[in-house]
Amino acid sequence: MSKTRLLPLALGWLVIALLAFAGPALAQSSDPGASAPANAALADMLENPETRQQLIDQLRGMADAAESSGEQASTAPPVKDPSLPRQLAEFTSHVAGDIGLQVGLLYGTLTHLFTGGDEGASIDLAMVTSAAINLGLVILATFALFLIIRRLVRPVFTRLSLWSMNGPALQPLLRLVICVVLAALVDVLVVALAYIGGNLLATFVVGESGALTTRASLFLNAFLVIELLKAGVRMLFASRYEGLRLLPVNAEDASYWNRWIARLIGLAGYGLMVVVPLISAYLSPTLGQSVGTLIMIGAFIYAVAVVLRNRQRLRDSLHRQAARASLSASRVALTLLGRTWHLLAIAYFFMVLVLTLTRPADALPFVLLATLETLAAVLVGLGASKFLTQTIGRRITLQDDLRQKLPLLEARLNAYIPKALRVVRIVLLVLVVMVSLNAWQVFDLAGWYASEAGRGLVARLFSIAVILLVALAIWLVLASLIEHKLNPATGSGEPSSRAQTLLSLFRNAIAITLITVTIMVVLAEIGINIGPLIAGAGVLGLAIGFGAQKLVQDIITGVFIQVENALNVGDVVTLGGITGTAERLSIRSVGLRDLSGTYHIVPFSSVDTVSNYMREFAYHVGEYGIAYRENIDEAIQALHAAFDDLSEDEEQKANLLEPLEVAGVIALADSSVNIRVRIKTTPGTQWAVGRAYNRLVKYHFDDAGIEIPFPHTTLYFGADKEGGAPPANLRIMQEDFTIDGSPAGQPKHPETPTRSTSPVSKEVHNQDDDGGVDNPGSGN
């Protein structure tokens, strides 16, 4: 952006500055202290006979004009208070008039001075020369003493800087603040010693012994004020000591800005506090006032030139700071400040110039105090924000035992604290802005807080903050307790599936309850009547209850199922005719994965019976059929032998809880004698145990020669009433022999009928011996 395009923006910011500070300036105009220059000018006019007579004539003329217009004024309507645009126009006109008056006075004073037309401006060269020599000696002695003392205390600054950067104790920001404060105290002490030494030299060495001249007093007072201001600047830009620099800038930039601000303070300070009073005292008050105007205009031009020269440089630095910022609000604020800082600086210096020209008596102290208050508020806000960031803004690391007991607490705290810091930074920003506006008398902070609205707003904000903190603390405590119960490393052992399910549901219920109650209480604290909200929520809940009866039934049934510990995640259950493993359990439904891998969602309203195969223990129930010709006792012995082998199996013996139970013969079936056994196992392992036991039973039956018959059918041919049966010629071909032992291929005697039974195999699908339920989730 060129300087030509920058001029309209600068003018715009200047107008905004005038409007923003119109209130303070108008308020100062009504201040009794602001009338001191007018009183002094009036006294000067009364002392001069010519001006006194002119004032008398002017007052009489004004009185005659008032009398002539009195009748018209009495009948005129009362004048209303002017509007804001009119007030701003009158103020702008007043400011422009004052500035024009000052410029005209400066021009007239310089003209009279060089033309000799002003008798009061005649110069006594001998007196001026003597006074200048004495004042010069005081100035040289004071500055020499100041530099010597600063040179002696330089090791103190060096040690403080090193401890601030590399000290082992305390937090880095706290060390920095402590060292900066100590260095500032040392700096103030140096200034005070130089001031006292200058007073002693001016009193007993220079000029008349035992008398402090007005000239020396003016300089020494100015020296004290200006050097204290420079000491404050050195707190921000300590060019030689990196550990004593509050602002995060490098040494080169710190040296540049420190040198520039010191020059500006010295030019304006010594000019207004020493040169102007001396000229007013020894030459002419009017000339002194004119010189003060020249000094302020020169300081303004110098400041604007430096700002424009460093516009892009500081802008780039602020953009780099914005890129490193962690908060989006900070990035936006720094970016905006980088683009507009030069306009704000020009508006500030222009406002100082305007106030100095229009109110020369009290403008400089007002601007100085307001600037110091603003800088202090900004530094305190930045320091508090940085301290909080360095103290709790980084990742929180808990102790190992606490992290083992509450593994989620550390992550939860690290998620909450950055959000809380954002809120704290916003509050700090608002406070800094309010204090800065109060310093410039744009906003009356004390009056606002003393009002009912101000106290009420602060009290509400404080109450809301306490409510949110209490709610957050309750949630952290309860969630940590639930987490403690769910953690198997806390000493209570692995929690049961029911405990995991119920505690998870309780945690969700607690979160919903806390959020609802907190929102209601905060709304009530703000001033919103929550009675209609509660009534509306009740009506809405009733309407939902009528309109979603199935959902309500799901929830109510689910609650009782959980309370009764009917099933938990990981259990193998049968619900609504579906058997599978419960993979997900909510308060409304359950998710089942069956043996084929299909995932089913079963709402609790459709559940009449819950069949849980994994409660405390389980049984493998097996029924084994043997042929009618086999010995039952031998078969039972084979079953026991198979169980003994199963008990020695490394994979299965841990799943066996009791010895084998043999119920005995439970059925004489069509083709077999059925024997039932039962094996008690740990829950969930009955299917794996049954498969392993069936395998061993087959081996032992084969070794003992015990036949496990397959289903067969005996065929009978019909008989007549006399008992005779028609012949049925059957021939069963085998590889070598027929069924009666004759060689294959030889015909049988036709007169010899044959009656035979032949086994006919059937393909039969039997259920599993455990009732048709296999383990959907077991791979054994």
Side-chain angles (χ1 to χ4, degrees), residues 37 102 131-132 135-136 138-147 149-150 184 187-188 190-199 202 212-237 239 256-282 285 287-307 345 348-376 439-440:
Q102 294 290 337
L135 181 60
V138 173
I139 293 173
L140 290 176
T142 304
F143 275 108
L145 184 61
F146 174 71
L147 294 177
I149 298 175
R150 278 194 61 84
D187 219 346
V188 170
V190 171
V191 174
L193 291 176
Y195 173 76
I196 295 173
N199 275 276
L212 181 63
T213 62
T214 304
R215 301 180 300 276
S217 179
L218 285 174
F219 164 74
L220 292 172
N221 292 335
F223 171 82
L224 179 63
V225 174
I226 293 170
E227 292 303 326
L228 288 179
L229 291 177
K230 290 182 179 180
V233 173
R234 285 192 289 271
M235 293 174 61
L236 303 177
F237 306 99
S239 57
Y256 176 82
W257 291 108
N258 187 19
R259 185 169 58 253
W260 173 72
I261 296 175
R263 288 174 183 173
L264 187 61
I265 293 175
L267 172 65
Y270 286 114
L272 296 178
M273 299 178 68
V274 179
V275 177
V276 171
L278 290 177
I279 293 177
S280 299
Y282 290 98
L287 180 60
Q289 188 175 358
S290 301
V291 172
T293 302
L294 285 177
I295 291 173
M296 289 306 301
I297 293 175
F300 172 75
I301 294 174
Y302 174 67
V304 171
V306 173
V307 168
Y348 168 78
F349 290 121
F350 183 78
M351 181 269 302
V352 173
L353 176 64
V354 170
L355 291 179
T356 305
L357 294 180
T358 56
R359 304 294 175 206
D362 58 350
L364 193 60
F366 168 74
V367 171
L368 180 61
L369 292 178
T371 303
L372 292 177
E373 289 182 16
T374 303
L375 288 176
W440 294 99

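Side chains included, hydrogens not; waters and symmetry mates left out as well; all remaining heavy atoms used. Note that the coordinates shown come from a computational prediction; the quantities given were computed from them, not determined experimentally.
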Please determine whether side-chain contact (heavy atoms from CB on, under 4.5 Å) holds for the pair V352 and M296, giving the CA-CA distance in whole Å, both sets of side-chain angles, and the decisive distance to 0.1 Å. CA-CA 9 Å; V352 173; M296 289 306 301; 4.1 Å; yes
Can you confirm if the aromatic rings of Y256 and F237 lie within a centre distance of less than 6.0 Å? no
Might you point out which heavy atoms bring Y195 and F223 nearest each other, and give the distance in Å? N-CE2, 4.0 Å
Taking all atoms of both residues into account, what is the closest heavy-atom pair of A439 and T374, and its distance? CB-OG1, 4.1 Å
Geometric class of the F219/Y270 ring pair [parallel <30°, tilted 30-60°, perpendicular >60°]: parallel
Just say parallel, tilted or perpendicular for the rings of W257 and W260, cut-offs at 30° and 60°. perpendicular
Between CD on residue E227 and CD1 on residue I265, distance to nearest 0.5 Å: 9.5 Å
In this structure, CG of L228 is separated from CG of D187 (nearest 0.5 Å) by 8.5 Å
Evaluate the criterion side-chain contact (heavy atoms from CB on, under 4.5 Å) for residue pair K230 and V191; output intermediate values, then yes/no. CA-CA 10 Å; K230 290 182 179 180; V191 174; over 6 Å; no
Correct closest heavy-atom pair for P277 and V274 would be CD-O, 3.3 Å
Distance-minimising heavy-atom pair for A303 and L264: CB-CD2, 4.1 Å
Which heavy-atom pair separates V276 from L272 by the least distance, and what is that distance? CB-O, 3.8 Å
From CA spacing to verdict: side-chain contact (heavy atoms from CB on, under 4.5 Å), L229, V233: CA-CA 6 Å; L229 291 177; V233 173; 5.7 Å; no
Smallest heavy-atom separation, L353 atom then I297 atom, equals CD1-N, 4.0 Å
Would V304 and F350 count as a side-chain contact (heavy atoms from CB on, under 4.5 Å) here? Give the steps. CA-CA 9 Å; V304 171; F350 183 78; over 6 Å; no
